[in-house]
2 protein chains.
Amino acid sequence: MDEEGRRVFRFFNEIGIINQLAGAIFAARLPGGLHVSHFALLNHLVRLGDEKTPLALASAFQVPKTTMTHTLAVLEKRAAIRLAPHPSDGRSKIVFLTDAGRKLHGDAIASMADPIRKITDDLGDGTISDLIPQLEKIRAYLDQNRGI
Amino acid sequence: MDEEGRRVFRFFNEIGIINQLAGAIFAARLPGGLHVSHFALLNHLVRLGDEKTPLALASAFQVPKTTMTHTLAVLEKRAAIRLAPHPSDGRSKIVFLTDAGRKLHGDAIASMADPIRKITDDLGDGTISDLIPQLEKIRAYLDQNRGI
DNA sequence: TGCATCTAGTTCGATATCGCATTACTTAGT
DNA sequence: ACTAAGTAATGCGATATCGAACTAGATGCA
């Protein structure tokens, strides 16, 4: 691996550590024993719309179908989502957000406001948000090159 | 949450997605059923030196002691590390890398060379590595503010 | 020294993740 | 229409993660 290769490797290493540290911060504040993966799914449904199939969600999160089955089962048990039969494909289902699910998502967002504010205050505006465009580019590239 | 807060939140979201996508790419290539967490530990020991205590490693990775106990047990079973009693503290242990462990790490690194090269080629030098300094700064901040 | 307190690591039980195989349904080809 | 191949979801078993409780050894203080 050449010099630039080692830097790229280092980049993913930093990404992993930041993800771990940030995950620990947020996980500790999520309401009602909500797991990060559960929140991530709620967030996806709120931001990008519900009425998705389980397989589409598994693909979006790059997790096996079985993992998504499990996550959906947990959120359904908490009444945060509702699973309805797919109207035109008897094998499939459609995931709907419930009002309780939207509220749970709102509560989770609110619970993160404090640490987010502190991070913003400490690091200064822009330190973090200036990086978003490049990260989006990298994320989009990786997303479009999954079999890599 | 204000505008900058939402951007910071978005940043961590992008970090999480990139981590997930990159993790999937690397996990698929790790030799001998090696798990990402196992590789991460080997990488830490190779890069920053072995002869650490389990607790120090758990702290470095921000994982519970129990998780580290498990990870170390797996790597010890594979003879990638060796656990010796701590010379001055009877409660503790010292983790040593074995030759097999160093080789396993080398094999893992080699297995990632191809995707790393493709990513570098496709995105162009600097697209990724230019971000490292800022990410280091953010990582260091989060590392020093764990109880946040 | 003696004892209360603290600390490193493990055990145990619960949940999350994931690969493999199965079931139910759809689609394609004849 | 019938059958083969493909696809969506699930059941099951194995491993990873993690919190609570426990054990053994270290430390602080009278």
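Just so we're on the same page: letters track the sequence lines, and every chain starts at 1. Keep in mind that this is a model prediction, so the values were computed, not measured. Side-chain atoms are counted along with the backbone in the values below, which use heavy atoms only and exclude waters and symmetry mates.
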Please report the distance, rounded to the nearest Å, between [atom1] in [X] and [atom2] in [N].
X	N	atom1	atom2	answer
A:N19	D:dT17	CG	P	13 Å
A:H86	C:dT26	NE2	P	11 Å
B:K77	D:dA14	NZ	P	14 Å

- Beyond-backbone contact of A:K137 with B:T127, side-chain heavy atoms, under 4.5 angstrom: yes

- Item | Side-chain heavy atoms of B:Y141 within contact of A:D122, under 4.5 Å | yes

- Message: One character per nucleotide, please: for nucleotides 10-18 of chain C, 5' to 3', B when the base has a protein heavy atom closer than 4.0 Å, S when only the sugar-phosphate does, - otherwise.
- Response: BB----SBB

- Query: Is A:R29 salt-bridged to A:D107, going by a charged N under 4.0 Å from an acidic O?
  - Reply: no

- Message: Do the side chains of B:E4 and A:R117 get close enough for a salt bridge, i.e. N-O under 4.0 angstrom?
- Response: no

- Task: Go through the N and O atoms of the side chain of A:R91 and the base of C:dT26, and report whether any donor-acceptor pair is under 3.5 Å.
- Result: no

Under 3.5 Å, side-chain donor or acceptor atoms of residues 36-44 of chain A against the rest of the protein: list the pairs with distances, not counting sequence neighbours.
from: A:S37; atom 1: OG; to: A:H35; atom 2: ND1; distance (Å): 2.9
from: A:H38; atom 1: ND1; to: A:H35; atom 2: N; distance (Å): 3.3
from: A:N43; atom 1: OD1; to: A:H105; atom 2: NE2; distance (Å): 2.7

- Note on the structure: Across all chains, not counting sequence neighbours, the side chain to side chain contact (heavy atoms under 4.5 Å, CB included) partners of A:T66 are A:P64

